Amino acid sequence: MKLILMGPPGAGKGTQARRVAESYGVPQLSTGDMLRAAVKAGTEVGQRAKAAMESGGLVTDDIVVGIIADRIGEADCGKGFILDGFPRTVAQAVALDAMLAERGLHIDHVIDIAADTEALVSRITGRSTCAKCGEGYHAVHKKPAVAGVCDKCGGNLTTRADDNEETVRNRLAVYHQQTAPVIDHYRNGGTFRTVDGMLPMDTVYTELCAILG
Ligand code: AMP
């Protein structure tokens, strides 16, 4: 199964990608997670990506296309993968088409998790994630039993540096300018579907599974 999960920041791509990855036994390839890991490790890619990520802008296409080209060649992607946060520009989508065609592969599903911009600002600014297991929480909608501690594994909850209101608004503007056109790239391909990201998380997940079969 090769799936692209699209949607604006905060629509729930990461959460849903993680659940689908667990259920279907394929890896979740999040360029955001990979870039954050590179920044933390201080690699050359991390150093090149840091400033754009802090401002809520996009990292250059050559960096993210390179990361994905390497990653999809790894053994665990043999059964498929879920792309989460990539492609984010039409140029990235074109590069993805080319790298898949070279390997005789194709994308089976492109699913857009659609959501309302204003709701996303409050969703994102309230969220936190377990540093250990990746479980997501929210200050209003999904509070942990003990503040700052993961219900599932007891790990510490962390907040992303770019989840502040100013950066979130920039990320949303960047999404509308540069990522929304990617939908048109896939819309007529026969594999494109939309789900309503404003529905409860479990409902969104059920709808995704219904599409994926
Ligand atoms: P995310 O975790 O998907 O919200 O990504 C966090 C940040 O990483 C974004 O705001 C961008 O700065 C950068 N990023 C992640 N994926 C991409 C991509 N496909 N193209 C360009 N920049 C990206």
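The model shown is predicted, which means the values in this text are computed figures rather than measured ones. In listed order, ligands and their atoms are each counted from 1. Values below: all heavy atoms of this structure, side chains included; hydrogens, waters and symmetry mates excluded. Nothing fancy with the numbering, it's 1 onward along the sequence.
Regarding atom 7 (C) of ligand 1, its nearest protein heavy-atom neighbour is M53 CE, 4.0 Å. Here the protein heavy atom with the shortest distance to atom 9 (C) of ligand 1 is R88 NH2, 3.8 Å. Distance from atom 16 (N) of ligand 1 to its nearest protein heavy atom, with residue and atom name: T31 OG1, 2.8 Å.
Near L35, meaning under 4.0 Å from any of its heavy atoms, are these atoms of ligand 1: 8 (O), 13 (C), 14 (N), 15 (C), 23 (C). Under a 4.0 Å criterion applied to the non-hydrogen atoms of Q92, ligand 1 contributes the atoms 18 (C), 19 (N), 20 (N), 21 (C).
Neither the backbone nor the side chain of K13 comes within 4.0 Å of ligand 1, counting heavy atoms alone. At a heavy-atom cutoff of 4.0 Å, ligand 1 is contacted by both the backbone and the side chain of L58. Both the backbone and the side chain of V59 come within contact range of ligand 1, each with a heavy atom under 4.0 Å.
Close N/O approach between G85 and ligand 1 is found [any backbone or side-chain N/O within under 3.5 Å].
K2 approaches H106 most closely through the heavy-atom pair CE-O, 2.9 Å.
Put simply, the side chain of D112 never gets that close to the backbone of F192: no donor and acceptor are under 3.5 Å apart. The backbone N or O of G56 sits nowhere less than 3.5 Å from a side-chain atom of D162 that would complete a donor-acceptor pair.
The residue from G57, A52, G32 that puts a heavy atom closest to atom 11 (C) of ligand 1 is G57. Among K50, R36, R160, the residue whose heavy atom sits closest to atom 4 (O) of ligand 1 is R160.
No side-chain heavy atom of H185 sits less than 4.5 Å from a side-chain heavy atom of V110.
Using a cut-off of 4.0 Å between Lys/Arg side-chain N and Asp/Glu carboxylate O, D76 and R71 are scored as salt-bridged. Taking 4.0 Å as the cut-off between side-chain N and carboxylate O, R171 and D163 count as a salt-bridged pair.
K142 NZ: more than 12 foreign heavy atoms inside a 6.0 Å radius.
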Apply the test side chain to side chain donor-acceptor pair (under 3.5 Å) to residues N164 and T167: give CA-CA distance (whole Å), side-chain angles for both, the deciding distance (0.1 Å), then the verdict.
-> CA-CA 6 Å; N164 62 78; T167 310; 2.9 Å; yes
